[in-house]
2 protein chains.
Amino acid sequence: MSASPVPKRLKEARQAAKLTQERLGILAGIDEESASARMNQYERGKHEPDFLTLSRIAAVLEVPATYFYTEDNDVAELLILLHRLLPADRRKLAQYLKGESSSPAFQLEP
Amino acid sequence: MSASPVPKRLKEARQAAKLTQERLGILAGIDEESASARMNQYERGKHEPDFLTLSRIAAVLEVPATYFYTEDNDVAELLILLHRLLPADRRKLAQYLKGESSSPAFQLEP
DNA sequence: TTGATTTACTAAGGATTGCTTAGTATTTGC
DNA sequence: GCAAATACTAAGCAATCCTTAGTAAATCAA
């Protein structure tokens, strides 16, 4: 219950993708003239992007938008992994955790 | 990559907790005078709360703040379940999904 | 069903925050 | 050290949110 995790997550994911602030902004559809300033303001926590802007950034970085709002590091990592699972596997995992699975342990398809 | 899922998730979680818009706002620390209007604006998607406000609402509803930003329904459910796991179990699950676990299947402690 | 009460909702303006512009500072590679 | 690339910032205009003051709709007891 504190400040937004957006700046930290943005920096993590941008660096992992080896993109500059400006290039990431341009790829996310921000005007070339303001991409550098805006992305820097987001990453330094000076201003917060709206959900649509962050969704476009997420698409470029191949992470789910919700990742940027996640404070717990384990959950943040997990969200990226889940984002790369098939929908059927995501559902299977959810069922298992809800205790509604008949199998004694969770197992993904090979 | 569209409009924010905040209104929808807010309504889901508030109704599950059986709270009125105004009461939820007050419990989250919003001034009594404006709690009703603000919570309604959030739930109808007229305005978007900042992360800190949403974190306080999340605490009242016992869900993680990131839940409100999650578009995928399976992932949204999963985030609530994970939020109620012990940190050790969250980590164990993350390790399993990363393929770094030696055991053939994931298993929580009894 | 009617009236009272609770709950949901809304317009409008003042307050706050974000975006654009026009740069300066810092880092990188030669 | 110099040039180019990258990171960063202040300030004003633009957009969004919060407060106020209510109206509309739903609930429920009589």
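Note that these values count all heavy atoms, side chains included, but never hydrogens, waters or copies made by symmetry. Source: prediction; values computed, not measured.
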#### Entry: Which residues share a side-chain contact (heavy atoms from CB on, under 4.5 Å) with B:Ala17, sequence neighbours left out
B:Leu19, B:Leu61
### Summary
So the side chain to side chain donor-acceptor pair (under 3.5 Å) pairs with at least one residue in residues 74-87 of chain A (sequence neighbours excluded) are A:Asp74-B:Arg91, A:Glu77-B:Lys98
#### Entry: Closest non-hydrogen atom pair, B:Gly45 against B:Pro7
CA-CG, 3.6 Å
### Task
To the nearest 10°, let me know how far the axis at one end of the helix from C:dT1-D:dA30 to C:dC30-D:dG1 is tilted from the axis at the other, five pairs an end.
50°
### Message
To check you understand the geometry: which heavy-atom pair defines the closest contact between B:Tyr69 and A:Thr66, and what is its length?
### Response
O-CB, 3.7 Å
### Task
Can you sort out the partners of B:Tyr67 under ring pair (Phe, Tyr, Trp, His ring centres under 6.0 Å), two or more places apart, ordered by chain and number?
none
#### Entry: Interatomic distance where CD belongs to A:Gln41 and C1' belongs to D:dC8 [whole Å]
9 Å
### Nearest-Å distance for atom pair CG/P, residues A:Asn40 and C:dT21
17 Å
### Contact residues, residues 42-50 of chain A to DNA chain C [heavy atom, < 4.0 Å]
A:Tyr42, A:Lys46, A:His47, A:Glu48
Cut-off 3.5 Å, no hydrogens considered: what does the side-chain donor-acceptor table look like for residues 28-40 of chain B, sequence neighbours left out?
{"unit_1": "B:Asp31", "atom_1": "OD1", "unit_2": "B:Glu33", "atom_2": "N", "d": "2.9"}
{"unit_1": "B:Arg38", "atom_1": "NE", "unit_2": "B:Tyr42", "atom_2": "OH", "d": "3.1"}
{"unit_1": "B:Arg38", "atom_1": "NH2", "unit_2": "B:Tyr42", "atom_2": "OH", "d": "3.0"}
{"unit_1": "B:Asn40", "atom_1": "ND2", "unit_2": "B:Gln21", "atom_2": "OE1", "d": "3.0"}

### Query
Under the salt bridge (charged side-chain N to carboxylate O under 4.0 Å, His left out) test, which residues partner A:Glu12, sequence neighbours left out?
A:Arg9
### Message
Main chain of B:Asp72, side chain of B:Thr70: is a donor-acceptor contact present, judged purely on distance under 3.5 Å?
### Response
no
### Pairs where residues 14-29 of chain A contributes a residue and the test salt bridge (Lys or Arg N to Asp or Glu O under 4.0 Å) is met, not counting sequence neighbours
A:Arg14-A:Glu43
### Task
Report the distance from atom CG of B:Leu52 to atom C1' of D:dC18, rounded to the nearest whole Å.
15 Å
### Message
At a heavy-atom distance below 4.0 Å, what parts of residues 7-35 of chain B sit against DNA chain D?
### Response
B:Glu33, B:Ser34
### Message
Could you work out, with side chain to side chain donor-acceptor pair (under 3.5 Å) as the rule, every residue matching A:Gln41, not counting sequence neighbours?
### Response
none
### Message
Please determine whether a side-chain nitrogen or oxygen atom of A:Arg38 lies at a distance below 4.0 Å from atom OP1 or OP2 of C:dG18.
### Response
no
